[in-house]
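First comes the structure, then the notes that go with it.
Just so you know, these numbers come straight off a predicted model, no measurement behind them.
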Amino acid sequence: MPAFLSRRTVLLVAAVALTASTTAACGDGGATGGRTTVRIAYQAIPNADLVVKNQQLLERALPEVDVKWVKFESGGDVNTAVVAGAVDLGLAGSSPVTKGLSAPLNIPYKVVWIHDLIGDNEALVARSGIGSVQELAGKKVATPFGSTAHYSLLAALAAAGVEPSAVQIIDLQPQDALAAWKRGDIDAAYVWTPTLSELTKDGKVLISSRQLAQQGKPTADLGVVTDAFAAKHPEVVTAWIKAQDQAVAQARTAPDQAAKSIGAELGLPVEEAKRQLSELVLLSAKEQTGPEYLGTPGAPGKLAANLHDAAVFLKGQKAVDAVPDEAAFGRALAVEELARAAN
């Protein structure tokens, strides 16, 4: 496993891999007694993925499949779990997915879904007295390395003319960043909800991911599936996409119902879950087949260009070793799987 892996993630991946080893060869799903197993990585993000999990939409659609949900703290950890063969499907931000598709990781997975377009639900929060990104020079700033928040932090520093080396950037998962904030160990943090909501109670938002998207640095939470699992179990992938699409429809037409499920998963009151849900842009399967997003077979969407641009930026920040061409990112969009489920 990569040397940068946290002890907590090592233990989690080891536990998932141990469970998986009893049902399948790593990285390819599996079957026991004729039953298929799918291992799904999820995160504490208030989007429709939690509706799918809480309401067991996939389990209901596929009663003959064993569905195992595994919680991760960031997309970087999800990447590590995929490399370890511990998950088949999962949620990771666009920045860790970009890294996953670039050297040295070169993970054999593809983007099959856009869980949400990140907006005000992810932001850089600083203590009182720090009024701008420029004033972070010489300060301690926490963010989960390899996440969309890390990417956005680097983009915010670059836009403000601040060299990353001038800031003490600390690798902390959201809950650890909150604990460090409460102890007074850090001056700022770039994280997402629900942790972001806690930080803003006594901190100030310097810039949000919505603002950075308007400056040409968009981020999103993406659904990925390993090449091996997609090839072996296309019916599971189709059902998963349909379940996500159903949850998005519910979030749009019955937000109170969706928020109840999200609140149950995150331990939040329904109204707060509903507020956090409203900060995200959710897309239907049909919308995701449009040219601005994943696109269709033979015509990859703009997401490929966005991922390529992110890789170029990350290469400049020495976060990846090499940048695949845009066509490679286009091939990593699971447009056939999406089209099959959207029809």
Side-chain angles (χ1 to χ4, degrees), residues 8-9 12 15-16 19 37-63 65-75 77-78 81 87-93 113-123 144 147-149 173-179 191-201 220-224 236 239-285:
R8 175 173 55 193
T9 305
L12 178 57
V16 177
T19 300
T37 297
V38 57
R39 302 155 301 172
I40 304 175
Y42 77 101
Q43 296 185 52
I45 297 173
N47 59 25
D49 195 36
L50 294 185
V51 176
V52 175
K53 177 181 182 295
N54 183 262
Q55 297 181 15
Q56 297 188 320
L57 299 183
L58 185 59
E59 290 88 338
R60 294 179 183 181
L62 297 171
V65 173
D66 291 326
V67 180
K68 299 182 182 299
W69 293 84
V70 188
K71 185 178 180 181
F72 289 86
E73 296 296 326
S74 71
D77 288 352
V78 173
V87 297
D88 309 299
L89 269 160
L91 182 155
W113 186 253
I114 299 175
H115 284 289
D116 58 76
L117 304 179
I118 297 174
D120 296 323
N121 63 300
E122 197 164 292
S147 67
T148 51
Q173 300 295 344
Q175 284 300 310
D176 296 331
L178 177 59
V191 292
W192 50 84
T193 51
T195 303
L196 175 62
S197 299
E198 294 297 315
L199 295 181
T200 55
K201 289 179 179 178
D221 289 313
L222 306 176
V224 295
V236 176
W240 182 84
I241 296 171
K242 287 181 177 293
Q244 294 291 341
D245 197 39
Q246 181 183 346
V248 168
Q250 182 183 128
R252 289 177 166 182
T253 62
D256 289 337
Q257 182 181 355
K260 183 178 179 180
S261 290
I262 292 170
E265 291 293 326
L266 298 179
L268 296 174
V270 174
E271 285 305 311
E272 175 59 18
K274 186 177 178 181
R275 184 192 68 79
Q276 293 187 16
L277 173 63
S278 70
E279 293 179 337
L280 295 165
V281 177
L282 306 183
L283 301 166
S284 69

Pick from Leu91, Leu282, Leu222: which one makes a side chain to side chain contact (heavy atoms under 4.5 Å, CB included) with His115? Leu91
Taking Asp245 for the side chain and Ala285 for the main chain, is one N or O donor matched with an acceptor at less than 3.5 Å? yes
Non-hydrogen atoms of Ala44 and Pro194 that approach each other most closely: O-CD, 3.4 Å
Classify the side-chain pair Trp192/Glu279 by whether it contains a donor and acceptor separated by less than 3.5 Å. no
Step by step, work out the side chain to side chain contact (heavy atoms under 4.5 Å, CB included) result for Ile45 and Leu50. CA-CA 8 Å; Ile45 297 173; Leu50 294 185; 5.9 Å; no
Find the distance between CG (Asn47) and CG (Asp116) and round it off to the nearest 0.5 Å. 5.0 Å
Do Ile262 and Gln276 have side chains that approach each other closer than 4.5 Å (heavy atoms only, starting at C-beta)? no
Contact summary for Ile118 and Thr148, nearest pair of heavy atoms: CD1-OG1, 3.7 Å
Under a 3.5 Å distance rule, please check whether Ser197 uses its side chain to pair with a backbone N or O of Thr193 as donor and acceptor. no
Check step by step if side chain to side chain contact (heavy atoms under 4.5 Å, CB included) holds for Gln175 and Thr195. CA-CA 7 Å; Gln175 284 300 310; Thr195 303; 3.2 Å; yes
Side chain to side chain contact (heavy atoms under 4.5 Å, CB included) assessment of Phe72 paired with Val87: CA-CA 11 Å; Phe72 289 86; Val87 297; 3.9 Å; yes
Leu283 and Arg252: which non-hydrogen atoms are nearest, and at how many Å? CA-NH2, 3.8 Å
Which atom of Ala220 lies closest to which atom of Ile114, heavy atoms considered: CB-CG2, 4.3 Å
Check whether any side-chain heavy atom of Leu58 lies under 4.5 Å from a side-chain heavy atom of Ile40, and answer yes or no. yes
Are Val52 and Tyr42 side-chain neighbours, meaning at least one heavy-atom pair lies under 4.5 Å? no
If I take atom CG from residue Leu89 and atom CH2 from residue Trp113, how far apart are they, to the nearest 0.5 angstrom? 12.5 Å
Any donor-acceptor N or O pair under 3.5 Å, side chains Gln250, Gln55: yes
Show your reasoning for whether side chain to side chain contact (heavy atoms under 4.5 Å, CB included) applies to Leu62 and Trp240. CA-CA 9 Å; Leu62 297 171; Trp240 182 84; over 6 Å; no
Could you state the interatomic distance from CD (Glu198) to CG (Leu178), rounded to the nearest 0.5 Å? 6.0 Å
With sequence neighbours excluded, what pairs up with Lys242 under the salt bridge (charged side-chain N to carboxylate O under 4.0 Å, His left out) test? none
Test item: Asn121 and Pro46 side chains (from C-beta on) under 4.5 Å apart, heavy atoms: no
NZ-CD distance between Lys260 and Glu271, expressed to the nearest 0.5 angstrom: 13.0 Å
Between Gly93 and Asp221 the two heavy atoms that sit nearest each other are CA-OD1, 3.9 Å
Give me the atom names and distance for the closest heavy-atom approach of Ala92 to Gln43. CA-NE2, 4.0 Å
